[in-house]
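All figures in this text were calculated on a predicted structure; none of them were measured in a lab.
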Amino acid sequence: MRPEKRAKLIKYALAVAFAAAGVVMMLVRTPITAEMSATERWRVLSDAFFVPGVLMLSAGALVWVSNFGVFNGISYAFRYVVRMFLPHSGKRDESYGDYVRARAERGGIKGYGFILIVGAVFFGVSLVFLALFYFN
């Protein structure tokens, strides 16, 4: 297997494992019992898949938005405060404009689409269970 294909497979596997762990935690919190009706089971399964799906979609959306420089002001302010209190932590005369230009030259985070895809799949599964809940 090619290294880039293997790396992509590992990323997807870890994201699915993370989301599946969220599903398991939700099911431990509200277990499915034999006394539950089918409608109640669909609701619990919908909730269990919804939370990890939305969390993964939200994380992917935050990375996507940060690539547009939305958090540049916050990161510059944090960096400025750290440099003010720590001696020998780099040049202190960097302006905000220089900081933004340097961040733009480095580029944003790449290769995070797997988070959005896995989140969308789990969210889609929750919608299927929600439809079963309402039409049962």
Side-chain angles (χ1 to χ4, degrees):
M1 184 179 294
R2 293 185 312 214
E4 56 271 354
K5 195 170 193 174
R6 180 183 168 106
K8 187 179 274 193
L9 184 65
I10 289 172
K11 287 193 301 188
Y12 275 95
L14 287 174
V16 168
F18 180 75
V23 170
V24 169
M25 286 192 307
M26 290 294 294
L27 289 175
V28 166
R29 185 177 109 358
T30 311
I32 296 176
T33 60
E35 296 86 32
M36 285 183 169
S37 66
T39 306
E40 194 65 20
R41 285 186 193 131
W42 297 131
R43 185 193 60 79
V44 170
L45 286 171
S46 175
D47 291 347
F49 278 89
F50 178 79
V51 172
V54 167
L55 287 176
M56 300 231 3
L57 280 172
S58 299
L62 274 175
V63 172
W64 179 64
V65 167
S66 73
N67 282 341
F68 290 111
V70 171
F71 301 118
N72 281 348
I74 295 169
S75 64
Y76 177 76
F78 182 74
R79 189 172 173 173
Y80 182 81
V81 168
V82 167
R83 285 183 177 174
M84 200 166 56
F85 289 112
L86 294 177
H88 311 295
S89 60
K91 60 181 180 179
R92 297 181 187 277
D93 58 348
E94 182 180 36
S95 70
Y96 179 68
D98 294 337
Y99 177 75
V100 170
R101 276 189 288 284
R103 295 259 324 211
E105 288 173 3
R106 281 192 307 230
I109 299 171
K110 296 184 181 13
Y112 62 91
F114 69 97
I115 299 172
L116 292 168
I117 292 170
V118 171
V121 167
F122 274 74
F123 183 72
V125 170
S126 80
L127 291 179
V128 169
F129 286 132
L130 184 67
L132 290 169
F133 169 74
Y134 277 113
F135 294 123
N136 190 1

Heavy-atom donor-acceptor pair, T39 side chain to F133 backbone, under 3.5 Å: no
Under 3.5 Å: donor-acceptor pair, side chain of T30, backbone of L27: no
Nearest heavy-atom neighbours spanning A59 and I115: CB-CG2, 4.4 Å
Output the distance between atom OH (Y96) and atom CG (N72), rounded to the nearest 0.5 Å. 5.0 Å
Nearest 0.5 Å, what's the CZ-CG distance between R29 and D47? 7.5 Å
May I ask you to test the L62-F71 pair for a side-chain heavy-atom distance under 4.5 Å? yes
If you round to the nearest 0.5 Å, how far is CD of E94 from OH of Y76? 6.5 Å
For L45 and I32, run side-chain contact (heavy atoms from CB on, under 4.5 Å): C-alpha distance rounded to whole Å, both residues' side-chain angles, the deciding distance at 0.1 Å, then the answer. CA-CA 9 Å; L45 286 171; I32 296 176; 3.8 Å; yes
For residues P31 and M36, report the shortest heavy-atom separation together with the two atoms involved. O-CE, 3.1 Å
Let's go through V118 and F18 carefully: what are the C-alpha distance in whole Å and the side-chain angles of both, what is the deciding distance for side-chain contact (heavy atoms from CB on, under 4.5 Å) to 0.1 Å, and is it a yes or a no? CA-CA 10 Å; V118 171; F18 180 75; over 6 Å; no
Could you tell me which non-hydrogen atom of F122 sits nearest to which non-hydrogen atom of V23, and how far apart they are? CE2-CG2, 3.7 Å
Would you confirm whether the ring centroid of F49 sits within less than 6.0 angstrom of the ring centroid of F123? no
Does the side-chain contact (heavy atoms from CB on, under 4.5 Å) test come out yes or no for L55 and V51, once each step is laid out? CA-CA 6 Å; L55 287 176; V51 172; 4.0 Å; yes
dist I117:CD1 -> Y112:OH (nearest 0.5 Å) comes out at 11.0 Å
W64 side, atom CH2; I109 side, atom CD1 - distance, nearest 0.5 Å: 14.0 Å
State whether the side chain of S46 and the backbone N or O of W42 hold a donor-acceptor pair below 3.5 Å, judged by distance alone. no
Please say whether more than 12 non-hydrogen atoms of neighbouring residues, nucleotides or ligands are located less than 6.0 Å from CZ in F129. yes
Distance, nearest 0.5 Å, that separates CZ of R6 from CE of M1: 7.5 Å
